[in-house]
Every structure is written in C-alpha cells, then in structure tokens.
Amino acid sequence: MLTVRLPDGSEKNFAHSVTPRHVAEEIGPRLAKAALAAELDGATVGIDFALPEEGSVALRILTKSDPESLAVMRHSCAHVMARAVMRLRTGVRLAFGPTIDAGFYYDFDLDEPISEDDFPQIEEEMRRIIELDEPFERIEETREKSVQICRELEQTFKVEHIQEGLANHETLSFYQQGEFLDLCRGPHVPSAGVIGAFKLVSVAGAYWKGDQSRQQLQRLYGTAFFRQQDLKSHLETIEEARKRDHRVLGKRLELFSISPLVGSGLILWQPKGAVIRGLLEEFVKSELQRRGYQPVYTPNVGRVELYEKSGHYPYYSDSMFAPIMMEQDEQYMLKPMNCPHHIMIYKARPRSYRELPLRLAEFGTVYRYEQSGELSGMTRVRGFTQDDAHIFCTEDQVADEFRGCIDMTQFVLKSLGLENYRVRLGFRAPDSDKYVGPEASWERAQQSLVEVCDSLGMAYEVELGEAAFYGPKADFVVTDCIGREWQLGTVQLDYNLPSKDRFDLEYIGSDNTPHRPVMIHRAPLGSMERFIGVLIEHFGGAFPLWLAPEQVRVLTVSEKSEEYGREVEEQLQSRGFRVAADYRAEKLGAKIRDAQLELVPYMFVVGERDREAGAVSVRDRVESRNLGAMSLDSAIDRLQAEVSQRLVRRTFSGDAGLGERGTSNEY
RNA sequence: GCCAGCGUAGCUUCAAUCGGCAGAGCACCGCAUUCGUAAUGCGGGGGUUGUGGGUUCGACUCCCACCGCUGGCUCCA
C-alpha cells in the first residue's frame with residue numbers, strides 16, 4: 001500500500017499502482033483538469049508518472065500557478081518546436097533540447113541552415129501543433145530497443161548519447177506526440193494546448209556536447225509562457241535591457257569609444273567616462289589606504305621567462321598577445337597578469353614575518369588576446385585595468401586576510417547600489433591535469449575559503465572546475481537592476497606561485513628560519529572596463545550624483561541672464577562641482593529637455609528673477625520636477641550632502657529573466 | 001576561432017518599388033527670436049552606401065573576398 005502525503009498535511013492511501021493524475025482526481029475534478037505536473041519528494045515528475053506501490057511519498061500537484069510547471073511547459077514547447085522544424089525541413093537530426101532560465105532551446109543538425117527569416121513559418125507550424133492539443137505520451141524501452149528506435153529514426157546524436165552519456169541507464173524514455181518521437185527524460189505537460197504564448201528568440205551555433213572539436217549545430221532559442229501578457233512583459237524587459245545597452249549609452253553619453261583602427265576590444269575612454277573611472281579609482285584607493293595596502297607601479301611588459309616561471313605562458317599562450325621579439329633570447333610579453341610583477345617586488349629583498357601581511361596594490365593594466373567572437377563592448381575586452389592587489393601573508397593570517405578582502409568587496413559593491421549578489425567558490429575539478437601544485441595545498445586553500453564564508457554567515461555555492469590554475473577562488477556574481485548576472489570581483493587563494501617550483505617566496509619567521517608565505521589575489525571591482533560597463537547598464541546611464549560626469553547644468557532663461565549664469569557656474573566650479581552651462585539662444589523648455597536626456601542630475605535654472613534674489617531654481621532630473629528657488633549656498637549644501645553620502649537615489653528594479661543560462665539537461 | 005545575421009551622413013531613428021537621379025528626422029553651423037521648467041522659426045553644410053574585386057549599358061541593391069559589428073557556441077589567469 002502507498003501513502004501519499006499532500007501539502008495540506010492530509011494523507012491518501014492507495015492499494016494499487018497510481019499516478020499523480022489519479023491522486024489529483026481523488027482530490028477533485030477541477031484540480032485534475034488543471035494538473036500539469038507534480039512534485040514528488042522534491043523532484044518534478046509528469047502527471048503520468050508511476051508512483052511506487054509501497055511506502056510513503058510527499059506529493060504536490062503542480063498547476064499553471066506553480067513556477068515549476070513553467071519549466072516543464074517550456075520543455076514541451078521545445079518539443080513542439082523540434083516537431084515543427086522536422087515537418088518543415090529534411091534531414092533534421094536532433095541533439096539536446098533543454099529548458100533554460102528564460103526559455104528553452106533545441107540543437108539541430110540540418111541540411112540547410114535556419115535563419116531568423118524562417119521564424120514566422122516555424123512559429124506558424126508550432127501554432128498548428130499546439131491547436132491540435134495532442135498529448136505527450138511517455139514510452140519506456142530497454143537500451144537495445146531504444147538504440148534501435150533511434151537508428152531507425154536516423155537520430156545519430158541520440159544513438160551516441162544512449163551509448164555514451166546514458167551508458168548506465170537500464171531503461172530509457174521517449175516522448176511521443178503525433179508523428180514526433182524523441183528520446184527524452186521528461187517530464188512534459190499532459191498536452192500541447194497549455195502552451196499559452198511562445199516566441200522564437202534567436203538562432204545560434206552550438207557545438208555538439210559543448211565540445212569545440214566536435215560538430216557545430218544550430219541552436220534555436222525560444223521562450224514560452226502560460227499567458228500572453230507574461231510573454232509581453234518578458235519582451236518588454238528585454239527591450240528595457242536593450243535600451244540600457246552600455247555600448248549604445250556609452251556612445252550617446254560620450255563615455256567611451258572603440259576604434260577598429262586602434263583595435264577591437266581596446267577601450268578609448270572619452271573625458272566623461274574617464275571622470276567616472278577616475279572617481280571610482282579614487283574611491284577604491286581611499287579604501288586601500290584605510291585597509292593598509294601599499295600602492296606600487298609596475299611596467300606593462302615583462303620578459304617571457306617571467307611568465308614561463310609563473311606558469312601563465314604555458315597555460316594561456318593562446319590567449320596572450322604574441323611575444324615581442326627583440327633578440328633571439330630576448331622576448332617580452334604584454335603583461336596578462338600583474339601578479340608576477342608584484343611577486344618580484346616582494347622578492348626585491350629578504351622579508352621578515354614582521355612585515356606580513358604585505359599588501360601591494362596597483363591599478364594594473366593587462367592585455368589578453370581574447371578570441372574575436374568573444375569581444376563585447378566594455379564587458380569583454382583585450383586590454384583592461386584591474387583594481388588589483390596581492391597580499392603576501394603567513395598561513396595563520398590567511399583567514400583574516402581573506403575575510404578582509406570579502407569585507408572590502410562587500411563595502412564597495414554596496415556603495416554603488418549593487419547589493420544583490422552571490423558568491424561562487426571555484427574549486428578544482430577532481431582528476432584534472434589543468435592545475436599546478438600539490439593536492440594538499442589545494443585542499444587546505446579550499447578548506448580555508450569554506451571556513452571563512454561559514455564564519456561570515458555568507459551564502460555561497462561551490463563549483464568544481466571553476467578554480468584558477470594556481471588556486472581556488474571566490475567570485476562575486478552581481479545581479480544588476482534588471483536581473484542579469486555579472487561576474488565582477490574576485491578573491492583567489494594561492495599556495496602555488498610562492499612555491500619552490502614557481503617563485504620560491506620566503507620570509508624569515510620569529511624562529512629565525514625561512515617559511516613560505518601564502519598569496520591572495522583580489523580585485524573587488526574586477527576590471528574597470530567591465531565594472532563600469534555593468535554600472536552603465538545598472539544605472540541606465542543615469543549615474544548617482546557623486547559619479548555623474550556632469551553633476552549640474554546651469555540653464556539660463558534667456559540670454560539676458562548669461563552674465564549671472566556665468567557667476568553661478570563659476571561658484572559651482574570653485575565649490576568642486578562638475579558643472580556645465582547652456583547659454584544657447586534656445587527656449588528654457590528645450591534646454592531642460594536636452595539636460596534631462598543627457599541625464600544631468602541637477603539643473604540650476606537662472607533668470608532675471610533669480611538674479612535679483614541671488615538665487616537659483618533647482619530642477620531635479622530623477623523626479624523631473626522643479627524644486628523651487630533657493631539661495632545658491634543652500635542649493636550647493638544640498639548637493640554636497642548628497643555627494644558625501646554617495647547617495648544612490650534610483651535604480652530600476654525588475655527581473656528580465658536574463659540570468660545566467662543554467663541548463664537542466666533534459667535530453 | 002566557429003555558426004547565423006547585419007553594415008546608407010555624427011546617430012543601434014531610418015527611406016530609396018523589379019538593378020535605373022542617394023533622401024528625411026535628430027545632431028551640427030548661420031540668422032532671426034530674448035523666452036520661467038521636456039522640442040521657437042527659417043536657412044545651410046555634411047555621403048567613394050564598411051573596404052577591395054566581379055557581373056551588368058547601369059549596382060546601396062546581385063556574386064566573391066576581407067574588415068567591423070550583433071546574437072550565440074567555445075574560452076575567460
């Protein structure tokens with residue numbers, strides 16, 4: 001006998017084999033009709049799933065109102081899409097078609113490539129399939145039979161997947177809908193009719209099993225919702241993201257530019273962007289000073305031998321700019337990392353334990369030859385400046401230093417209105433030869449990271465295989481105001497570069513014998529380019545007052561007030577504000593409009609009335625509102641208070657569902 | 001690097017019918033206007049249609065190569 005526990009605490013007993021559908025029918029016909037899937041002891045299953053005949057299970061029937069059913073429905077929609085493509089095309093071989101955060105995709109190998117022009121036709125065919133409202137039927141087969149079925153269907157990727165990826169599965173499942181039969185773990189919704197609204201989003205290349213050395217397939221991305229209005233609002237959020245694109249805003253607001261003649265992926269900071277960067281650097285520098293870091297400067301090139309010693313050259317030569325050849329035995333690299341240089345500063349003389357922790361900081365510019373297809377605006381570039389520092393400390397100091405790095409990162413992010421983030425601990429993958437150093441050091445380093453995170457009560461997730469080659473790391477993955485994730489700051493523990501085989505770092509301990517220090521690599525912002533790119537999108541170009549390239553614009557009502565306007569402008573300038581003025585022979589409305597669109601936080605409107613009173617009329621951009629006339633001094637006090645608090649007055653808040661594309665790998 | 005798409009004036013605002021005279025808006029410059037909280041009017045300049053080659057009587061339009069960009073894949077010390 002089976003006991004089924006329901007969410008309301010009640011229990012139902014069944015003497016014979018049942019499915020969630022039967023359970024739902026027992027509860028009521030309404031629920032049975034609305035049931036799309038079920039949650040069985042925490043896992044999502046289809047409503048036709050055969051529950052065990054004995055024992056006790058927790059079961060929750062899932063309907064449209066449960067978020068879990070959205071993923072199930074989207075996976076079904078991926079099948080509908082694949083079915084439509086197979087109706088329209090010949091020689092379609094199916095690969096994987098999972099659900100992702102914002103929708104789903106399916107990978108195909110096709111005789112003729114699909115382009116976006118084909119979307120309307122595919123969508124039309126999908127609509128037809130959905131109208132038929134045919135059920136998704138689950139079929140279970142033995143391995144041999146499954147291979148045979150896939151062979152007959154000429155689905156060679158599926159054959160391979162059964163034989164390799166699913167080698168330890170005794171039985172396999174298929175889902176059938178009309179003429180469409182696909183190897184698939186499921187679950188699926190009962191029938192296609194529940195797919196309320198869908199849209200094909202994009203088409204892209206993707207390698208079979210994510211392996212660059214294997215065949216490239218076409219990946220068709222789509223999304224689906226139960227209700228048309230949810231699809232609409234999803235598309236609106238994508239549109240919102242598009243409007244905030246830092247590449248567009250960066251050009252419009254004259255923050256940065258990229259010139260093909262200078263080179264792809266190389267950022268030219270325009271004056272206004274340079275203001276923002278300079279302010280952020282000052283902000284970080286003052287924190288570094290407070291926290292006992294010492295600034296250093298190092299050159300932009302270094303001999304190849306330096307990077308051979310560090311191990312970067314053997315590991316990353318493909319993504320480094322080629323060496324600069326001088327003589328046969330004299331080659332220089334553009335530096336891809338600052339750490340080897342900082343290490344040489346440490347090594348410039350013998351070190352005592354009394355000096356540790358030694359914290360060396362530099363806004364170090366590095367160059368990496370990223371693949372051309374990787375480049376994107378400021379977020380993925382070939383030259384960038386890290387807010388870098390390397391801490392050399394004793395084993396005993398590691399935890400405190402690591403804690404200090406986390407603290408500084410949290411402080412900096414918070415000051416910029418980036419309060420939504422998670423921490424990802426990147427650990428080594430077992431049995432990989434990608435890493436340097438003995439396993440014991442790795443264990444120790446990984447253990448320290450976990451202990452510090454636990455002691456701070458900080459949530460984190462461990463990801464295997466995400467470590468740097470020399471040590472494990474803690475990455476800060478920041479969610480911006482429309483729900484997209486960005487990897488920004490990082491703290492990395494390193495027991496390897498100091499080792500005998502690498503740079504053989506030492507300090508003399510209190511026992512008067514040499515000891516090996518531990519290194520911590522850390523960059524709270526990551527790179528200035530990427531960080532500011534993300535900030536542009538986060539703020540939609542409307543920077544808080546303390547960072548705004550132009551903080552105040554003086555607007556004259558007419559040319560009659562120009563002289564007074566210039567006085568006000570000069571006053572603001574001398575009080576430390578970044579100020580501009582609009583003396584054009586335009587109407588006030590036009591000047592206001594331009595300043596609003598250029599995202600200037602405050603406008604000081606000056607006319608004859610103000611001149612007579614020695615006042616300014618303050619207009620606030622955020623509220624798009626006239627705050628009224630006030631004395632210049634009180635207006636300045638007001639702004640100064642806002643600057644000194646580093647007040648972040650507004651960021652859009654919402655969720656585009658554009659988060660990292662984590663897949664749950666249905667097949 | 002790979003797959004797909006795109007490239008017309010400073011502008012990710014865009015037009016140019018089937019291959020038949022490259023044209024608007026915004027921005028910019030000039031003149032007039034002297035204005036009180038999101039666009040004053042008039043006039044003007046600005047183009048080797050990404051680059052190079054090909055097909056054609058004729059190419060923004062069709063074909064090839066290259067460059068750049070976009071969306072993905074792979075990569076990310």
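Residue numbers start from 1 in every chain, and the chains themselves are labelled A, B, ... in the order their sequence lines are given, proteins ahead of strands.
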For nucleotides 39-46 of chain B, print each protein N/O atom paired with a nucleotide N/O atom at under 3.5 Å, atom names and distance only.
residue: B/A39; atom: N7; partner: A/R593; partner atom: NE; Å: 3.0
residue: B/A39; atom: N7; partner: A/R593; partner atom: NH2; Å: 3.2
residue: B/A39; atom: N6; partner: A/R593; partner atom: NH2; Å: 2.5
residue: B/A39; atom: N1; partner: A/R593; partner atom: NH1; Å: 3.3
residue: B/A39; atom: N3; partner: A/R593; partner atom: NH1; Å: 3.4
residue: B/U40; atom: OP1; partner: A/E586; partner atom: OE1; Å: 3.1

Under the 3.5 Å rule, do the base of [N] and the side chain of [X] count as making a donor-acceptor pair?
X      : N     : answer
A/E466 : B/C76 : no
A/D610 : B/G36 : yes
A/Y207 : B/G1  : yes
A/S319 : B/A77 : yes
A/S617 : B/G36 : yes
A/R380 : B/C76 : yes

Pairwise distance OH(A/Y435) to CG(A/N496) - rounded to 0.5 angstrom
12.0 Å
Reported CG-to-CD distance for the pair A/D107 and A/Q215, which is rounded to 0.5 angstrom:
11.0 Å
Nearest whole angstrom, please: distance from the [atom2] of [N] to the [atom1] of [X].
X      : N     : atom1 : atom2 : value
A/L249 : B/C11 : CG    : C1'   : 13 Å
A/I114 : B/G71 : CD1   : C1'   : 15 Å
A/L588 : B/G36 : CG    : C1'   : 5 Å
A/D111 : B/A4  : CG    : P     : 14 Å
A/E370 : B/C69 : CD    : P     : 14 Å
A/F503 : B/A77 : CZ    : C1'   : 13 Å
A/E374 : B/C69 : CD    : P     : 13 Å
A/Y583 : B/C35 : OH    : P     : 18 Å

Could you tell me whether [X] contacts a base, only the sugar-phosphate backbone, or nothing, with contacts defined as non-hydrogen atoms closer than 4.0 Å?
X      : value
A/Q371 : base
A/R219 : sugar-phosphate
A/L597 : base
A/R368 : base
A/K473 : sugar-phosphate
A/G311 : nothing
A/A206 : sugar-phosphate
A/E608 : base
A/R609 : base
A/K251 : sugar-phosphate

For A/V606 and A/S372, find the nucleotide of RNA chain B closest to each by heavy atoms; which residue's nucleotide sits nearer the 5' end?
A/S372
Pick the nucleotide of RNA chain B nearest each of A/S264 and A/P113; which residue has the one closer to the 5' end?
A/P113
Under 3.5 Å, is there a donor on one side chain and an acceptor on the other for [X] and [Y]?
X      : Y      : answer
A/Q492 : A/T490 : yes
A/S319 : A/Q371 : no
A/Q596 : A/R619 : yes

Please check the phosphate of B/U37 (OP1 and OP2 only) for any side-chain N or O of A/R625 closer than 4.0 Å.
no
Within the pair A/Y221 and B/C73, is there a side-chain N or O less than 4.0 Å away from OP1 or OP2?
yes
Nucleotide nearest [X] (side chain, heavy atoms from C-beta), chosen from [options]:
X      : options             : value
A/R247 : B/U12, B/A38, B/A77 : B/U12
A/Q212 : B/G71, B/U74, B/U12 : B/U74
A/I592 : B/G36, B/U37, B/G71 : B/U37
A/R619 : B/U12, B/A38, B/C75 : B/A38
A/S115 : B/G5, B/U33, B/C35  : B/G5
A/S624 : B/G68, B/A38, B/C73 : B/A38
A/K434 : B/C76, B/C35, B/U33 : B/C76

Heavy-atom closest contact (A/P120 atom, A/E116 atom, distance)
CD-O, 3.8 Å
Side-chain ion pair, [X] and [Y], N-O less than 4.0 Å:
X      : Y      : answer
A/E598 : A/R252 : no
A/E537 : A/R484 : yes
A/R593 : A/E586 : no

Just say parallel, tilted or perpendicular for the rings of [X] and [Y], cut-offs at 30° and 60°.
X      : Y      : answer
A/H342 : A/H390 : perpendicular
A/Y470 : A/H521 : parallel
A/F157 : A/W208 : tilted

A correct dot-bracket answer for RNA chain B, with pairs being Watson-Crick or G-U at under 3.5 Å, [ ] for crossing pairs and | for inter-strand pairs, is (((((((..((.((.....[..)))).(((((.......))))).....(((((..]....))))))))))))....
Going by ring centres under 5.5 Å and near-parallel planes (under 30°), is A/Y316 stacked on B/A77?
yes
If we ignore hydrogens and angles and just use 3.5 Å, is the side chain of A/T556 paired with the main-chain N or O of A/E559 as donor and acceptor?
no
